[in-house]
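One structure below.
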Amino acid sequence: MSTIRAIRGMNDILPDETPHWRRLEQVVCRLLNSYGYGEIRLPLVEHTELFKRSIGEVTDIVEKEMYSFDDRNGESLTLRPEGTAGCVRAAIQQGLLTVPQRLWYAGPMFRYERPQKGRQRQFHQIGVEALGVASVEMDAELILLCARLWRRLGLAGSVELQINSIGSSAARRAYRAALVEYLSAHRAALDEDSQRRLDSNPLRILDSKNPDTQALLDAAPVLADYLDAEARDDFDRLRELLTAAGVAFVVNPRLVRGLDYYNKTVFEFVTERLGAQGTVCAGGRYDNLVEQLGGKSTPAVGFAMGMERLVLLMLETGAAGDAAPAQADVYAVAVGEDAHREALVAVEAVRDSLPGLAIVQHTGGGSFKSQLKRADKSGASVALIWGEDEVRAQSVTVKFLRDGAGQGDKTGQRSVPRDQLEATLRAAFAD
RNA sequence: GUGGCCGUAGCUCAUCAGGUAGAGCACUGGAUUGUGACUCCGGAGGUGGCGGGUUCGAGACCCGUCGGCCACCCCA
């Protein structure tokens, strides 16, 4: 019989790692609350059309990376490859756009890509979207919020902020034409991938990893020269605000976006420590998307973080700390049917009065020896033991498993009358 | 989709001119007829990813295939 394995690129996250995920989620959730962002929960599946219209028909994501399928009624649905489209769709549909909205969400996204370090087919993002505010102060707020998040997570020293402005779509169109004209004249000098991009997505050539291509770009037209006045003013103002707030940044004039809906401000937080997939958080302004999806014209800006990458980075840098998987405080051992019954009842009573204690009740029988072995492995500092003697005497044996010098009465073991169990445990876990 | 490296016990890995498998950890039993961690002794666990080829003989060599990792591409 062959075993069934997980889908390639869709990974299990085991109890070793989930505490780090939980910490990340908790820190993010608290931080976003403190900035006035509300959580929104969105479907994993949307009409395929939503992503075609938002991300762009000719992007790689839409052309070859989406998990699309026909529903039973024949319409094409898609597992969301990113969160912004669904969030904007919901904001329009639910009438949230009458006032500025600060929203966030977290969850799995799906892209059919070749897995590698920091990249899988089911991955998890936390997305933040601010809808209805055109002013660049909103862009700054989001970046400041990110910077604070890195500080809270202990990652501030591990990431670098890169910013750029890609201007209005008209400005970009003009620049694209100039860039294509320049690069076409040097077509032969371009690497194979960039030659292909010359037709499909010329701006993407700017962040090519090929050194020869990068060298060729040194003499190419510069995006900044093509920016409209408004975009240029906003970008100046953004730099002023970030500087005033003490947030370090690098202007990367070749920073562009893979998704079509972005304009003006774009930004990324990148790290050197994760190999090739160094972008840990990326976003920008998308003032035309709401209208493109059928809503009334509404400016917007947002970003998304890759949770796998952040957890990796936390582990890599030691910022993850020693968050341990859930461990027991108390392990209950019982041998014999009567003892099991006594133990069950007593442990449930303790759960009522001391709800904060993690108590594992041994199941599956076995000798005192094997059960105590389990107790030790569980990490519990106290074992409660029931056997024939305890049943007869209406008592329980309390055994301290983590004896230490100076622990006073928290060493060895002793017999405690059944009705004093709760008080004994309360004292044992007082600190 | 392309390329490189790699698939031996649950995990981490050995072995060998090609002569039909071994360690540590984990699991389990005992030394201790009601007591863990340390120690000692024992046990279980592998159709060597799968299929084909070369060979008297293949886990080792060759081909194919599937899977893993990393990189390209793409992107969070």
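Atom set for the values below is all heavy atoms of this structure, side chains included, hydrogens, waters and symmetry mates excluded. Order of the sequence lines fixes the chain letters, A, B, ..., with proteins taken first and strands second; residue numbering starts at 1 for each chain.
Using a 3.5 Å distance cut-off with no hydrogens or angles, the side chains of Gln26(A) and Arg22(A) do not pair a donor with an acceptor. Of the N and O atoms on the side chains of Arg172(A) and Ser169(A), not one donor lies less than 3.5 Å from an acceptor on the other residue. The closest side-chain donor-acceptor pair between Thr397(A) and Gln413(A), if any, does not fall under 3.5 angstrom.
Rounded to whole angstrom, the span from the NZ atom of Lys399(A) across to the P atom of U35(B) amounts to 10 Å. Per the geometry, CG belonging to Leu310(A) stands 13 Å off P belonging to A76(B), to the nearest Å. Rounded to whole Å, the distance from NZ on Lys373(A) to P on U28(B) is 7 Å. Nucleotide G34(B) holds its P atom 12 Å from the CD atom of Glu390(A), rounded to whole Å. If you take OH of Tyr261(A) and C1' of A76(B), they are 11 Å apart, rounded to a whole angstrom. Atoms CG (Asp376(A)) and C1' (A26(B)) sit 14 Å apart, rounded to a whole Å. Atom CG in Asp12(A) sits about 14 Å away from atom C1' in G68(B), given to the nearest Å. Regarding Leu401(A), its CG atom lies at a distance of 13 Å from the P atom of C38(B), rounded to whole Å.
Atom CD of Glu388(A) is surrounded by 12 or fewer heavy atoms from other residues, nucleotides or ligands within 6.0 Å.
Consecutive Watson-Crick or G-U pairing (both distances under 3.5 Å) extending over three or more pairs maps onto RNA chain B as B:1-7 with B:66-72, B:10-13 with B:22-25, B:27-31 with B:39-43, B:49-53 with B:61-65.
Remark: of the listed residues Glu141(A), Glu39(A), Glu129(A), Glu141(A) is the sole one forming a salt bridge (charged side-chain N to carboxylate O under 4.0 Å, His left out) with Arg102(A).
Remark: Lys369(A) is in phosphate contact with G36(B), judged by side-chain N or O atoms under 4.0 Å from OP1 or OP2. Within the 4.0 Å cut-off from OP1 or OP2 of U28(B), at least one side-chain nitrogen or oxygen of Arg374(A) is found.
Residues Leu131(A) and Thr298(A) come closest through the heavy atom pair C-CG2, 4.4 Å.
For the P atoms, the distance linking G53(B) with A71(B) amounts to 38 Å, nearest Å. Taking atom P on both nucleotides, G18(B) is separated from G3(B) by 30 Å, rounded to a whole Å. Atom P of U2(B) sits at a distance of 14 Å from the matching atom of G64(B), rounded to the whole Å. Rounded to the nearest Å, the gap between the P atom of G68(B) and that of C11(B) is 15 Å. Rounded to whole Å, the separation between the P atoms of G45(B) and C38(B) comes to 25 Å. G1(B) and C74(B): their C1' atoms are spaced 11 Å apart (whole Å). Straight-line distance between the C1' atoms of G67(B) and G29(B): roughly 37 Å, to the nearest whole Å. Comparing the P positions of U35(B) and G30(B) gives a spacing of 11 Å, expressed to the nearest Å.
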Worksheet item: Can you give one letter per nucleotide of nucleotides 69-75 of chain B, going 5' to 3': B for a protein heavy atom under 4.0 Å from the base, S for sugar-phosphate only, - for none?
Response: -SBBBBB

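Judged by the 6.0 Å and 45° rule, Arg41(A) forms no cation-pi pair with Tyr105(A).
The base of U35(B) is not paired with the side chain of Gln371(A) by any donor and acceptor separated by under 3.5 Å.
From Asp234(A), atom CG reaches atom CG of Leu238(A) across 8.5 Å, with rounding to the nearest 0.5 Å. Here the CD-CD1 distance, from Glu82(A) to Ile61(A), works out to 7.0 Å after rounding to the nearest 0.5 Å.
Val335(A) comes within 4.0 angstrom of no nucleic acid atom, judged by non-hydrogen atoms across all strands. Heavy atoms of Glu388(A) sit under 4.0 angstrom from at least one base atom. No contact: Glu63(A) has no heavy atom under 4.0 Å from any strand.
Between Val280(A) and Leu372(A), the one whose closest nucleotide on RNA chain B sits nearer the 5' end is Leu372(A). Taking the nucleotide of RNA chain B with the nearest heavy atom to each of Glu82(A) and Ile7(A), the more 5' of the two is matched to Ile7(A).
Looking at residues two or more places apart in sequence or on another chain, you find a ring-ring contact (aromatic ring centres under 6.0 Å, His included) between Tyr182(A) and His186(A).
In this pair, Phe267(A) and Phe269(A) present their aromatic rings perpendicular. The plane angle is above 60°, beyond the 30 to 60° band.
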